[in-house]
Amino acid sequence: GESVGLHLPTLSVQEGDNSIINCAYSNSASDYFIWYKQESGKGPQFIIDIRSNMDKRQGQRVTVLLNKTVKHLSLQIAATQPGDSAVYFCAEEGSGGSYIPTFGRGTSLIVHP
Amino acid sequence: DGGITQSPKYLFRKEGQNVTLSCEQNLNHDAMYWYRQDPGQGLRLIYYSQIVNDFQKGDIAEGYSVSREKKESFPLTVTSAQKNPTAFYLCASRRGGRTDTQYFGPGTRLTVL
């Protein structure tokens, strides 16, 4: 079936570095993508979203890139801080109308001071 | 403060018991969702409700039941028929349309003794 997945389960970076977290999706009908941050023992927090009519969207220290040709999504975090340490996962939704996202497994980001 | 609350934060159940997890939102959102999260896996949908007095099964509804008698409340009952209920349970809500962000509660960790 269709799936959303992440290339790397764990990413370790030094404080101040830029981080890139990747996500591959296989449902070509997906047209809405969301990145979430989840700290240990807490619920996921919305970070940024992007629709399929865009290929880049920027937020505060975060940028999401969408490459529909290869069905790839990435989250870039600039000047990574220890507080960014968490699990990040992407979600995608299709245009079917049920408004039910499909979630990836997540990447654990570890920021070393 | 507006948001989604879940209670209790931690719940212990003996085998053979039914337990009910609470989810309340004061965001005036139409749609509410219940997800189950297991280590190393993405969120899996248990049940969702798009309007009051209506709900649909998700991917893993067996052993669970819900009700939606009020817009702000969407309780989940984990029945004795659920053979492996130990997990982290997340409730979410969204205003209605697919372009609206899905917000998550803080989660309830259920452990079967």
Side-chain angles (χ1 to χ4, degrees), chain A residues 1-10 21 23-27 29-54 57 59 62 64 73 86-108, chain B residues 3-11 21 23-25 27 29-51 54-61 87-111:
Chain A
E2 303 286 359
S3 66
V4 175
L6 297 173
H7 293 305
L8 299 173
T10 302
I21 300 171
C23 178
Y25 66 96
S26 56
N27 185 353
S30 297
D31 62 356
Y32 178 54
F33 304 89
I34 315 104
W35 279 102
Y36 289 93
K37 172 186 179 183
Q38 186 176 24
E39 297 176 51
S40 181
K42 298 184 179 180
Q45 293 174 278
F46 170 87
I47 301 173
I48 193 168
D49 60 1
I50 189 168
R51 307 191 194 291
S52 59
N53 61 349
M54 304 171 68
R57 191 168 187 217
V62 295
V64 55
L73 189 69
V87 173
Y88 292 81
F89 55 90
C90 63
E92 55 90 9
E93 291 185 20
S95 55
S98 64
Y99 306 168
I100 303 299
T102 299
F103 294 89
R105 290 185 300 116
T107 291
S108 176
Chain B
I4 305 173
T5 57
Q6 291 185 241
S7 63
K9 185 172 177 64
Y10 299 97
L11 185 58
L21 283 58
C23 178
E24 303 279 331
Q25 54 97 2
L27 300 167
H29 285 175
D30 291 312
M32 298 186 74
Y33 309 77
W34 274 106
Y35 294 94
R36 171 180 172 141
Q37 187 175 40
D38 294 283
Q41 295 191 34
L43 302 181
R44 292 186 290 168
L45 182 66
I46 305 172
Y47 268 98
Y48 65 103
S49 168
Q50 294 182 318
I51 56 172
D54 187 44
F55 49 83
Q56 287 79 42
K57 292 182 179 180
D59 300 323
I60 56 166
F88 191 49
Y89 290 87
L90 288 160
C91 179
S93 72
R94 83 198 300 178
R95 188 168 54 189
R98 190 165 61 85
T99 56
D100 297 318
T101 303
Q102 191 175 57
Y103 293 94
F104 285 86
T108 292
R109 185 164 298 280
L110 173 63
T111 302

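Chain A is the first sequence line, chain B the second, and so forth, proteins listed ahead of strands; every chain is numbered from 1. Here the structure is a predicted model, which is why all the values come from computation and not from measurement.
- Neither the backbone nor the side chain of B:Q56 comes within less than 4.5 Å of any heavy atom of chain A.
- For B:Y103, no part lies near chain A; criterion is any non-hydrogen pair under 4.5 Å.
- Between B:T101 atom OG1 and A:Y36 atom OH the span is 7.0 Å, to the nearest 0.5 Å.
- Between chain B and the residues A:G41, A:G43, A:P44, the most heavy-atom pairs under 4.5 angstrom are made by A:P44.
- Only the side chain of A:Q38 comes within less than 4.5 Å of a heavy atom in chain B; its backbone stays farther off.
- Using a 4.5 Å cut-off between heavy atoms, B:L90 touches chain A through its side chain atoms alone.
- Within 6.0 Å of OH in B:Y10 there are 12 or fewer heavy atoms belonging to other residues, nucleotides or ligands.
- Across every non-hydrogen atom of A:F103 and B:Q102, the tightest pair is CZ-OE1, 3.6 Å.
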